[in-house]
There are 2 protein chains.
Amino acid sequence: MAAKGSGAESKRSQRKAPSPPSGREPRGEQPLSLPRIVATAVELLDSEGLDGLKMRRLADRLGSGAMSLYWHVGNKDEVLDLALDSVLEYRGPAQVDAPDDWRGQIVHMLTDWRAGMLRHPWSAALLPRRALGPNILSRLERLSRTLSSAGVADADLNVAIWSLWNYVIGATTTRASFDLSDADRAAAQQRLTDLSQHYPTIERSRLLMDNDWDGAFSKGLDFLLDGLVPKP
Amino acid sequence: MAAKGSGAESKRSQRKAPSPPSGREPRGEQPLSLPRIVATAVELLDSEGLDGLKMRRLADRLGSGAMSLYWHVGNKDEVLDLALDSVLEYRGPAQVDAPDDWRGQIVHMLTDWRAGMLRHPWSAALLPRRALGPNILSRLERLSRTLSSAGVADADLNVAIWSLWNYVIGATTTRASFDLSDADRAAAQQRLTDLSQHYPTIERSRLLMDNDWDGAFSKGLDFLLDGLVPKP
DNA sequence: AACTTAATCGTACAGCGTACGAGTCAATCA
DNA sequence: TGATTGACTCGTACGCTGTACGATTAAGTT
């Protein structure tokens, strides 16, 4: 297993104490900073999609020149990595939950995971292609602990984790992708009806027209959990 | 659900009878043709990866000018769509299989699916982002029939299909992605050891170091099938 | 006052997808 | 036969991309 890395660290060593903005700014612009860059990149990605993120456009939104970004960031890929991880933070379930309800905890975490990615649809396609950031790793850590406490044998633990990972990734990239393509929903709908006439079984069950994504996600997750942790 | 489409049909109407290559070629080059373009695109993708596919480079390999491709193809995305679907054909299990072993059939088809995509690692990341080609649809059709015959209720059929789809897509994109990034395996390995020290549980189970991808895939698939079709 | 460091940005370059229009044949028609 | 058409090829050019490079500025530090 490996993390992609994209190399290229930014040049700046860490700022010591970022001396309070000593007044003077040419316009009302705040100064450039990594958090501000990342936050703006997320906004831009949300509104323009993955292809809409251009260094020049990002700089425009920040009120800076394009090349200024490269002081804070090694390259464009690093912006993507940071934006991705920033979107995957997890704060845990609301405190009222029963602490021993392992199944509820897993469902909550994975549902939240999916919801977070669907709020930023570009993130789904990105996740499996980039390095594992800290927020992703800590989700996996949490998943591992919970499954273990639910009685999954050590020998099956990795398989269980990856199965859930696969399921969430697959479901979310697929959903996000169909979301995007539904820009031209009307045409697509027709095209699919035409297509599926050659595929009678999936036509009959309306596989491609079924829009209950949320329901399908949680039902399928239930099935998977049934398989991973057989009921007594 | 929608298919992406990428619009842009190529201009040529279908050739009537592609008059047998009437001799004369400036070099020993064959003439351009859609199948040849697609096959060469697959070769190029295999050897150079997704980013390595450039129209100019593809034309070079074909011994033609870059703009000649646009007679046969609407745009680059169409090349990708065609290359993707061409790689996903399924010929069914070897004939010696028991015809009523639904579980074996599903495992065979999905394992073959994954294997095919791993033979062309660029395809995994592409699949969920592009339209559903005929080869993909016919796999879904087959899956649907088999599950139905295995006794999955109509009401659960779509959920079951999408669950398996999600699992295969997730497993394969993840695997393919880690494969690629293992170009710099040594560095990555170290980086991950460092990282996972902050995540004791997944460190203990060596989640990120586990290399038995094939085993994990088939075990997880078994678990999922257990959940989808409970044993009597 | 001299120097160092952090930060910004204008310019330039190579490479990309592809619009456009001019070219080259072979088959067909007059 | 000669003229015309349609299938196909390709050179050039355009706008856009990520980013290398060096100049510029401002804030500390000595």
Side-chain angles (χ1 to χ4, degrees), chain A residues 6-27 29-37 40-41 44-45 48-81 83, chain B residues 6-27 29-37 40-41 44-45 48-81 83:
Chain A
S6 84
E9 301 291 310
S10 68
K11 293 131 203 152
R12 62 126 187 28
S13 35
Q14 55 281 26
R15 207 140 20 290
K16 36 190 67 174
S19 60
S22 60
R24 176 220 48 92
E25 290 297 326
R27 255 310 70 72
E29 313 281 10
Q30 299 136 278
L32 236 34
S33 74
L34 199 57
R36 208 163 79 85
I37 291 175
T40 310
L44 187 53
L45 284 162
E48 312 270 356
L50 231 157
D51 294 341
L53 180 70
K54 319 281 161 84
M55 296 304 273
R56 287 177 233 254
R57 253 215 278 251
L58 178 53
D60 282 353
R61 286 213 181 196
L62 288 160
S64 79
M67 289 315 291
S68 308
L69 304 179
Y70 287 90
W71 175 259
H72 304 268
V73 172
N75 53 32
K76 183 181 172 180
D77 276 357
E78 201 178 311
V79 177
L80 281 176
D81 284 343
Chain B
S6 84
E9 301 291 310
S10 69
K11 292 132 205 153
R12 63 130 186 23
S13 35
Q14 53 281 26
R15 208 142 16 292
K16 34 189 70 173
S19 60
S22 61
R24 180 218 49 90
E25 290 298 327
R27 254 315 67 73
E29 313 281 9
Q30 299 136 279
L32 235 35
S33 75
L34 198 57
R36 209 163 80 85
I37 290 175
T40 310
L44 187 53
L45 284 162
E48 313 270 355
L50 229 152
D51 294 341
L53 180 71
K54 318 281 161 81
M55 295 305 272
R56 288 177 232 253
R57 252 214 279 249
L58 178 54
D60 281 353
R61 285 214 181 195
L62 289 160
S64 80
M67 289 315 290
S68 308
L69 304 178
Y70 287 90
W71 176 259
H72 304 267
V73 167
N75 53 32
K76 183 183 172 178
D77 276 357
E78 202 178 310
V79 177
L80 281 175
D81 284 343

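So that the names make sense, note that chain A is the first sequence line, chain B the second, and so on, each numbered from 1.
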How long is the line joining CG of A/N75 and C1' of D/dT17, in whole Å? 14 Å
List, one per line, each side-chain donor-acceptor pair under 3.5 Å for residues 50-59 of chain B, sequence neighbours excluded.
unit_1: B/K54; atom_1: NZ; unit_2: B/D51; atom_2: O; d: 3.1
unit_1: B/R57; atom_1: NE; unit_2: B/G52; atom_2: O; d: 3.3

Could you check if a side-chain atom of B/L69 sits within less than 4.5 angstrom of a side-chain atom of B/V79, using non-hydrogen atoms only? no
Between the main-chain N or O of A/E78 and the side-chain N or O of A/N75, is there a donor-acceptor pair closer than 3.5 Å? yes
Nearest-Å distance for atom pair CG/P, residues B/L32 and C/dC25: 16 Å
Calculate the interatomic distance between A/R36 atom CZ and C/dT8 atom C1'; express it in whole Å. 13 Å
Closest heavy-atom contact between A/L34 and A/H72? CD1-O, 3.5 Å
Taking N or O atoms only and anything under 3.5 Å, show me the protein contacts with nucleotides 11-16 of chain C, one pair per line.
unit_1: C/dC16; atom_1: OP1; unit_2: B/K54; atom_2: NZ; d: 3.2

Any side-chain N or O of B/S68 below 4.0 angstrom from OP1/OP2 of D/dC10? yes
For atom CG of B/L69 and atom P of D/dG11, their distance in whole Å: 12 Å
Rounded to whole angstrom units, what separation is found between the OH atom of A/Y70 and the C1' atom of C/dA7? 16 Å
In whole angstrom, what separates A/L44's CG from D/dT17's P? 11 Å
Within the structure, does a side-chain N or O atom of B/H72 lie under 4.0 Å from either OP1 or OP2 of D/dA7? no
Figure out the CG/C1' separation between A/D51 and D/dC16, and round it to whole Å. 13 Å
Nearest whole angstrom, please: distance from the P of D/dC16 to the CG of A/D60. 13 Å
Nearest 0.5 Å, please: how far is OG in B/S68 from CG in B/L32? 6.0 Å
